[in-house]
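The structure under discussion appears below in the form of structure tokens.
Quick note on labels: first sequence line is chain A, next is B, and so on, each numbered from 1.
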Protein chains: 2
Amino acid sequence: MLRVSKFTDYAVVVLSRLEAEGGVQTAPGLAAGTGIAEPTVAKVLKMLSQAGVVEGLRGARGGYRLLRPLASLGLSEVIVAMDGPIALTACVDGGFGFCEAEQTCPVRGRWDPVNAAIRGALSAIMVSEIASPMPARRAVPQPVLAAE
Amino acid sequence: MLRVSKFTDYAVVVLSRLEAEGGVQTAPGLAAGTGIAEPTVAKVLKMLSQAGVVEGLRGARGGYRLLRPLASLGLSEVIVAMDGPIALTACVDGGFGFCEAEQTCPVRGRWDPVNAAIRGALSAIMVSEIASPMPARRAVPQPVLAAE
DNA sequence: TGCAATCCGGACTGATAAGGTCCCCTTTAA
DNA sequence: TTAAAGGGGACCTTATCAGTCCGGATTGCA
């Protein structure tokens, strides 16, 4: 199945919670609020922090806060932060030297428009379109996963 | 990484070869022509046959032939045939009962527009746009894979 | 009528990556 | 000074993918 990682799903949930609460929230607090295991939430927030989506405030009374409203945060940014660059195959954006059949490969460079189409489709969707509205509190872990 | 399986990649190559040769081709013949291992080619063709993209002709002098020109074959059809339905998560097209947090899930049903956007983007691309043009013969296996 | 070529369907196994947890260090407010 | 919190990385487990193989069914040809 064409899919994104679970972390992307988690990230949307955590971001949604973060915006609903507002201000600075701690990782343990968000874990309790979302029902996702605390180490996992911490990992998600670390990745989002590195991507510049949230800001981590260290020290006692620290936590995380949103740097941008979810309405202006493209879903593709979250996917890139969690899953890496959006590219259906490795033969993309110029050769990486991975492909042994580079000289004779009939689809060489041909996946580019496909990736561009995917990127375009995902960039047009904001996280807020997926995340809202949210109840005050969730109980169970969040297996919004790809089963197939 | 957001990616498709290698089989999708193989399928495009095999279909490209099939159209270039024309008529009925055997699995071993296509394996030799593409450089992909024969059991793998056979598996790909079986899946494409089940999807109605190619037709399998049994018996001596059997083989496979295209049912439609690649110019009218959407890439999404190939992806669906190889990877299953295009859905970034399982919480799609109505509940499957997989999700324990179904009642409280804040993103419940929200991935639908995302999946629809992806499907739309992929449906607009024809296999022929990726597959052509092709040399007469290829030598090396075809690791056009997702390496991250 | 038998034989050989070919597809059909599924089962099996190894490799790869994802998912998740834990640890120690740094930072900072009380 | 201490405790609360994030930062960074290593680690292990498990699921899924990729690839192979086998027996059976079907059909053309000698």
Identify, residue by residue, the members of residues 50-58 of chain B with a heavy atom below 4.0 Å from DNA chain D, and return them in order of residue number, or none.
Arg58(B)

Do Lys46(A) and dG6(D) have a side chain to base donor-acceptor pair shorter than 3.5 Å?
no

At what distance, to the nearest 0.5 angstrom, does CZ of Arg68(A) lie from CG of Leu66(A)?
10.0 Å

Is the shortest heavy-atom distance from the side chain of Tyr64(A) to the side chain of Leu48(A) under 4.5 Å?
no

Please confirm whether the shortest side-chain N or O distance from Tyr64(A) to OP1 or OP2 of dG7(D) is below 4.0 Å.
yes

Students often get this wrong, so: under 4.0 angstrom with heavy atoms, is Ala42(A) touching a base, only sugar-phosphate, or nothing?
nothing

What is the distance, rounded to the nearest whole Å, between atom OH of Tyr10(B) and atom C1' of dA18(D)?
7 Å

d(CZ, Arg61(A); P, dG6(D)) in whole Å
13 Å

As an exercise, state the distance from CE of Met82(B) to CG of Asp9(B), rounded to the nearest 0.5 Å.
10.0 Å

Distance, rounded to the nearest Å, where Lys6(B) contributes NZ and dG14(C) contributes C1':
13 Å

Does Lys43(A) place a side-chain N or O at less than 4.0 Å from the phosphate oxygens OP1/OP2 of dG6(D)?
no

Rounded distance in Å - CZ (Arg3(B)) to P (dT16(D)):
13 Å

